[in-house]
Amino acid sequence: MKQNILKFKSLAFGICTTCMVLTTGCSESEYAKINTDPSTIAEGNPIFLFTQEQVQYQPFDYLLWYYDGAYTSKIVQAYSPSSSFNDLYNKLAELGGVGSQLIYVKRYENDIKATIDKMPANKAAQYSHLSAMANALTVYMGLFDTDLFGSRPYSEAAQAQYGGTLTPNYESQESLFDQWLTELNADLDKLKSTTTQISVGDNDLAYGGDTKKWVKFVNGLKLKIAVRLLHQNKNKALKIAEEVGADDANVMQSITDDYVYNKGTGGDGGNNTYGSDNSVNLGVSSKNVIDFMKRNKDPRMLVMFTKNDFNSEVIQAFFDAQARGDNNCAIPKYILDQVNYTTDASGKKHFDSWKGDGEPWVRYQGLPIGMAISEKAEYTGNNNYFVTTRWKVTDGDKSKTYSPLSYFNEELVRGRVDFTFPTAPKGKVVQDTEDNPLYEMTLSTAEMNLYLAEFKLLGANLPHTAAEYFKLGVEASAKAYNRLAILNKIPYYDKAHCNDKLDEPVTYDDAAIATMMANSDYQLTGNVPSDLEKVYIQLYLHFFYQPLEQFVTVRRSGVPKVGSSLIPWVTMKPNTELPRRFYIAQPDPADKMRTIIETAMTQQGFTFTDGQKPELLNSERVWYDKGAPNFGEGPNYL
């Protein structure tokens, strides 16, 4: 697929090729039109350039779901392969777009800066806020790229159009963090400028030009950097947190502060507007995660993951097939145990009602985490997780196969999924085929406040208790997922979009969130090690929508951890054989960036390799990951 490390060269080549195309086949008169005095050519509008930067701001590159996120989600045991883990699960194949996303936003920021620099000083001053907003998006994507690759081009990237180089220098992760913190502080100064500013309005797809919300976004970026600094410079990390947390105006307080955006017709009409055309390749939801969320009545589970196919109509179809003599089809025991049914004189079973919490809770089942468990009788017998032929029901000339398991809810990230509701083999075909331009979320109230809860537990001087930050963060996470479910019209999001007579919507209200928060697993008690684990578990859950952030959290915290009573880590391989970064292949001898790339890799202590040496990708860590705990070991900050 992509070789991320070469992306900067290929993009520059693409720009040059475009220029060549534009100057091919022109008549003399057409050349005359083109050869205009540069001083008379109208400049780009910084506001519209900023909108385009937001359109290109893409932490959810479509390949993320098929490659990068699919790897990290299994490494951190958020999902399992449908056939269970095998001996190759810790090895990486093709990589997606991670590592090359910065360039797409930075070129627009550079265009904005170049346009503003040509303005008279009094006019340029009116774009201070816009300049800060543009830089914040660039820093976010720079951080996104460095997380799994370390050193990256930044300062010299996308500058060729303005006299810069086509071979940008790589900068170390440590220096990038310093640079970004300096830039973000400058952005905050700009956002506080009282000079009359140009109105951005709806051209800002996320915040409508609301400077107060951008201040919170920028401070959120500072916290993202701070948590990554904890193993290298804890005192500096705590100081950053204290600067941010000193004033509540710096911190997102509700989901209306979340960076939620919809590109609508401003996208490309394809993946950029609707999300990936590729299926989401994450696997089957972890039973450890599903069980924890069900036990605590966590309503986020209802929208994060899909209901399984075993509604009341489908269960009755199994009963009917068995009454007809089909001895192969069987309802897994873990589902049948949730059903109240009666048996008539002929021995035929009839669905009556659900047990326990009923719909929608009973429709969620995860796959146990384990190595080659598809070969073990306890997972293929009555409690069948793998033998798909037993999930097939035939009625005359009609057959359907039903899944008893839950998966990531694709319509949270794909606006053009056609969903088919489960019905009996001869039942009517019921589908949801509506296309919806995608609503996406990155930095959020939940993330910021959970970071502040973490910092408070680690000793930061902050105005609120860890329990207060934690409560606000978890509640905001639940509200954010519910909001995304409604905006993206996921399956079963309201009663009108249910099908089975017993179906219940998956969206929820504040009462459901209060029920969740009443559980002891969702409350801090003052026991710092226990409380820290709870914070990391909540970050882990919140980031199911952002798999690379989830990976970073697990990598730096060691949570989930072995033996936990919350979500336990399952040891399947030695933790030294799990990748902690993505691989970088040896550049081609003809690559003009070769010397620069080789120097950057040597400085980081990286070996050029492929994805087949996970032990190397574990020991050769990115700078901020050095000293972090191994997977499953739990926090080591204290």
Side-chain angles (χ1 to χ4, degrees), residues 46-62 64-65 69 97 101-102 104-109 112 129-130 132-144 187 191 199-221 224 252-276 303 409-416 435-448 476-477 479-490 542-543 545-549:
I47 295 175
F48 298 153
L49 289 170
F50 176 69
T51 304
Q52 283 304 303
E53 182 181 3
Q54 285 186 306
V55 170
Q56 294 299 321
Y57 170 78
Q58 187 55 285
F60 301 106
D61 168 71
Y62 76 100
L64 168 79
W65 302 110
Q101 296 301 302
L102 162 72
Y104 297 109
V105 292
K106 188 164 180 60
R107 62 179 177 172
Y108 280 103
E109 188 204 352
I112 291 169
H129 293 177
L130 184 71
M133 291 149 53
N135 184 69
L137 295 182
T138 301
V139 172
Y140 188 105
M141 295 313 303
L143 188 60
F144 181 85
D187 291 338
L191 289 168
S199 176
V200 179
D202 290 342
N203 291 292
D204 173 0
L205 303 179
Y207 291 140
D210 188 332
T211 305
K212 293 180 180 179
K213 294 185 186 298
W214 278 103
V215 165
K216 296 174 182 180
F217 183 89
V218 171
N219 277 294
L221 285 174
K224 288 175 78 71
M252 295 179 180
Q253 301 293 327
S254 74
I255 61 171
T256 59
D257 290 332
D258 294 351
Y259 192 93
V260 173
Y261 55 104
N262 179 285
K263 297 172 183 177
T265 56
D268 60 6
N271 288 337
N272 211 305
T273 301
Y274 292 97
S276 174
V303 301
N409 207 323
E410 291 195 50
E411 289 199 31
L412 286 174
V413 298
R414 297 180 64 202
R416 291 187 291 195
D435 293 343
N436 297 291
L438 193 63
Y439 285 86
E440 298 175 89
M441 176 182 73
T442 53
L443 199 57
S444 65
T445 302
E447 182 178 353
M448 283 195 77
S477 177
K479 292 175 181 178
Y481 271 95
N482 194 51
R483 180 190 188 193
L484 288 174
I486 294 169
L487 290 173
N488 289 315
K489 300 180 181 179
I490 68 171
H542 179 67
F543 287 140
Y545 178 77
Q546 296 168 275
L548 296 193
E549 293 290 351

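- Note on ring orientation: taking the six-membered ring where Trp is involved, the planes of W65 and F60 are parallel (angle under 30°, cut-offs 30° and 60°).
- Put simply, OG1 on T51 and CD on Q56 are 12.0 Å apart, with the number rounded to the nearest 0.5 Å.
- Judged purely by atom type and a 3.5 angstrom limit, Y104 has no side-chain atom pairing as donor or acceptor with the backbone of Q58.
- With Y481 contributing its side chain and Y545 its backbone, the two residues share a donor-acceptor pair below 3.5 Å.
- Considering D204, D187, N219 in turn, D204 is the only one that fulfils the side-chain contact (heavy atoms from CB on, under 4.5 Å) rule with W214.
- Taking each heavy atom of V260 and L487 in turn, the nearest pair found is CG1-CD1, 4.4 Å.
- Qualifying side chain to side chain contact (heavy atoms under 4.5 Å, CB included) partners for A134, counting only residues two or more places apart in sequence or in other chains: F50, E53, E109, I112.
- Under the 3.5 Å distance criterion, the side-chain polar atoms of N436 are left unmatched by any main-chain donor or acceptor of G415.
- Of all the heavy atoms in T256 and S254, the pair that sits closest is OG1-OG, 2.7 Å.
- Put simply, NE2 on H542 and CE on M441 are 4.5 Å apart, with the number rounded to the nearest 0.5 Å.
- Summarising the geometry, atom CG belonging to L191 is positioned 13.0 Å from atom NZ belonging to K216; distances are rounded to the nearest 0.5 Å.
- Below 30°, between 30° and 60°, or above 60°: for Y259 and Y57 the angle between ring planes is above 60°, a perpendicular geometry.
- Nearest heavy-atom pair across A446 and A476 is N-CB, 3.9 Å.
- The two atoms that bring S199 and I47 nearest to each other are O-CD1, 3.4 Å, heavy atoms only.
- Residues K224 and Y140 are in side-chain contact: their nearest non-hydrogen atoms beyond the backbone lie under 4.5 Å apart.
- You'll find the side chain of T138 reaches within 4.5 Å of the side chain of L102, heavy atoms only.
- Inter-residue side-chain proximity for M448 and D257 is flagged as unmet; no heavy-atom pair is nearer than 4.5 Å.
- The CG atom of L443 sits 13.0 Å away from atom NZ of K213, with the distance rounded to the nearest 0.5 Å.
- Of all the heavy atoms in L64 and P547, the pair that sits closest is CD2-CG, 4.3 Å.
- Looking at heavy atoms from C-beta onward, Y261 lies in side-chain contact with T442 at the 4.5 angstrom threshold.
- Rounded to the nearest 0.5 Å, atoms CG (L130) and OG1 (T211) are 10.0 Å apart.
- Between N488 and P437, the shortest heavy-atom contact is OD1-O, 4.4 Å.
- Checking side-chain atoms of N203 against main-chain N and O of F48 turns up no donor-acceptor pair under 3.5 Å.
- Judged by distance alone, with hydrogens and angles left aside, the side-chain atoms of K263 form a donor-acceptor pair with the main-chain N or O of V55 at under 3.5 Å.
- Between L484 atom CG and I255 atom CD1 the span is 8.5 Å, to the nearest 0.5 Å.
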